[in-house]
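Taking it in order: structure first as structure tokens, then the write-up.
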Amino acid sequence: MKLLQMNHVQKSFNDETLHVLKDISLSVEKGEVVAIIGPSGSGKSTLLRCATLLTEMDSGELIYGDIQAVHNDADGKAVYADKGELKKVREKFGLVFQSFNLFPHYSVLKNLMDPQIRVLGRDKGEAQQRARKLLEKMGLSDKENAYPCELSGGQQQRVAIARALAMDPEILFFDEPTSALDPELTGEILKVIRDLAEEHMTMVIVTHEMSFAQDVADRVIFMADGVIVEEGTPEEVMVNTREERTRQFLGRYQR
């Protein structure tokens with residue numbers, strides 16, 4: 001079952017002089033872990049921002065399950081669904097940023113409870129129960145009254161993942177979730193994501209962690225210059241590489 005489809009997505013910036021996404025199409029099946037790799041500036045983060053409605057695409061289709069969030073008009077320009085439909089779409093996914101994006105003036109517990117109450121309409125008791133269960137899962141039960149500034153980067157990122165999971169998303173997006181962390185804390189976050197993969201959580205992960213992508217992903221997408229150069233199983237893309245551009249990129253990591 002396809003949870004996400006993106007068809008012929010295009011996006012430019014600077015009055016269309018900077019063409020960041022050039023006709024990108026991809027789909028994600030339920031329970032699948034998709035890793036997106038590629039050099040900086042290849043359009044990976046912009047693709048994620050288009051998928052999560054943070055950046056408006058210029059043209060293309062965006063479909064979550066049976067909801068069409070974006071379609072093209074007669075001129076081939078992107079047209080977004082109405083507010084009610086987009087609200088339903090937003091409830092289908094969670095997004096974990098590289099910079100954590102926690103509310104600094106909220107405690108850890110309130111960071112997890114507040115979105116559940118405001119967006120999902122859960123009562124306080126239910127939201128608190130869900131939050132505490134997830135903090136326990138993340139090994140952070142003793143931090144529920146702490147504020148983000150009192151936590152390490154790895155702890156903050158675990159809180160951010162717990163907050164995304166508290167919304168019960170069908171699909172979870174990670175935008176370079178370890179790039180702000182030192183190597184020791186990186187391992188901590190990769191373990192959390194690995195555990196989620198074992199629970200068959202559907203995930204799309206933009207990452208520079210090549211060995212992690214090779215171990216955890218069901219499918220790897222290599223992007224460069226705004227296009228998908230190569231995609232397939234980790235073995236196909238990262239071991240039996242077909243494209244020279246992919247080979248050059250991976251070679252930098254293997255030296």
Side-chain angles (χ1 to χ4, degrees), residues 1-13 16 20-21 23-34 36 43-97 99-103 106 109-131 133-134 159-175 196 200-206:
M1 173 189 162
K2 283 188 174 62
L3 290 189
L4 170 68
Q5 290 180 73
M6 300 180 81
N7 300 320
H8 306 295
V9 175
Q10 306 223 24
K11 178 65 188 175
S12 297
F13 294 100
E16 303 196 359
V20 179
L21 297 178
D23 195 20
I24 295 265
S25 296
L26 64 90
S27 63
V28 181
E29 300 277 340
K30 184 176 171 60
E32 190 177 29
V33 179
V34 177
I36 303 178
K44 306 182 301 294
S45 291
T46 302
L47 179 65
L48 234 57
R49 290 180 68 84
C50 287
T52 54
L53 305 174
L54 291 172
T55 295
E56 283 201 5
M57 56 179 76
D58 299 331
S59 63
E61 290 185 312
L62 176 64
I63 304 162
Y64 277 90
D66 55 358
I67 304 175
Q68 180 130 14
V70 186
H71 68 275
N72 283 336
D73 64 13
D75 297 324
K77 298 288 181 199
V79 177
Y80 280 70
D82 62 42
K83 268 186 179 166
E85 290 293 276
L86 291 181
K87 182 178 185 294
K88 286 185 208 162
V89 166
R90 283 191 179 93
E91 288 173 9
K92 287 182 176 290
F93 63 77
L95 175 59
V96 178
F97 300 89
S99 54
F100 323 133
N101 281 33
L102 300 172
F103 293 113
Y106 284 1
L109 192 64
K110 190 167 165 57
N111 259 290
L112 265 67
M113 286 173 62
D114 197 60
Q116 297 181 65
I117 294 165
R118 284 191 304 111
V119 180
L120 301 181
R122 285 182 180 155
D123 67 53
K124 199 173 170 182
E126 188 187 356
Q128 188 177 69
Q129 192 178 5
R130 180 82 177 117
K133 193 174 174 186
L134 284 163
V159 172
I161 294 169
R163 181 181 58 182
L165 289 170
M167 307 300 283
D168 297 326
E170 292 180 12
I171 183 168
L172 205 48
F173 293 94
F174 291 88
D175 188 8
L196 290 172
H200 305 293
M201 180 79 210
T202 309
M203 294 183 281
V204 177
I205 307 164
V206 169

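Only a predicted model underlies this, so the values are computations on that prediction, with no experimental measurement involved. Residue numbers count from 1 along this sequence.
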Any side-chain to backbone donor/acceptor pair from R130 onto L165? Under 3.5 Å, distance only.
yes
Any side-chain heavy atom of L3 within less than 4.5 Å of one from K92?
no
Which value, rounded to the nearest 0.5 Å, describes the distance between D168 atom CG and L120 atom CG?
7.0 Å
Nearest 0.5 Å, please: how far is CG in D175 from OG in S45?
3.5 Å
For L109 and Q128 the tightest heavy-atom approach is CD2-NE2, 4.0 Å
F103: what forms a ring-ring contact (aromatic ring centres under 6.0 Å, His included) with it, not counting sequence neighbours?
Y106
With N72 via side chain to side chain donor-acceptor pair (under 3.5 Å) - residues at least two apart
none
For the CE atom of M167 and the CG atom of L95, what is their distance to the nearest 0.5 Å?
12.5 Å
Can any side-chain N or O of S25 pair as donor or acceptor with the backbone N or O of H8 at less than 3.5 Å?
yes
Kindly say whether E61 contributes a backbone atom to a donor-acceptor pair with the side chain of N7 at under 3.5 angstrom?
no
Got a donor-acceptor contact below 3.5 angstrom from the D73 side chain to the D75 backbone?
yes
In short, L48 meets F174 closest at the heavy-atom pair CD2-O, 3.4 Å
Nearest heavy-atom pair of E32 and S27: which atoms, and what distance?
OE1-O, 4.2 Å
At their closest point, which heavy atom of R122 faces which heavy atom of Q116, and how far apart are they?
NH1-OE1, 2.8 Å
Could you go through the side-chain contact (heavy atoms from CB on, under 4.5 Å) check for L53 and L62 one step at a time?
CA-CA 9 Å; L53 305 174; L62 176 64; 3.7 Å; yes
Does some side-chain heavy atom of T202 sit less than 4.5 Å from a side-chain heavy atom of E170?
no
Quick check against the 3.5 Å criterion: does Y64 have a side-chain atom that pairs as donor or acceptor with the backbone of A51?
yes
Are I161 and L196 side-chain neighbours, meaning at least one heavy-atom pair lies under 4.5 Å?
yes
Could you tell me which non-hydrogen atom of S59 sits nearest to which non-hydrogen atom of G76, and how far apart they are?
CB-O, 3.0 Å
From R49 atom CZ to K11 atom NZ, the distance as rounded to the nearest 0.5 Å
10.0 Å
R163 versus L102: any side-chain heavy-atom pair under 4.5 Å?
yes
For atom CD of E29, is the number of surrounding heavy atoms from other residues, nucleotides or ligands below 6.0 Å larger than 12?
yes
Shortest non-hydrogen contact from V89 toward A69
CG2-CB, 4.0 Å
Reported CE-to-NZ distance for the pair M201 and K30, which is rounded to 0.5 angstrom:
8.5 Å
Among V70, L21, L26, find the residue that satisfies the side chain to side chain contact (heavy atoms under 4.5 Å, CB included) test when tested with V9.
L21
Approximate separation, where rounding is to 0.5 Å, of L86 CG and E91 CD
11.5 Å
Salt-bridge present (E85, K88; N to O < 4.0 Å)
yes
What's the verdict on side-chain contact (heavy atoms from CB on, under 4.5 Å) for F173 and V204, showing C-alpha distance, side-chain angles and the deciding distance?
CA-CA 5 Å; F173 293 94; V204 177; 3.6 Å; yes
Side-chain heavy-atom pair F13, T55 within 4.5 angstrom cut-off:
yes
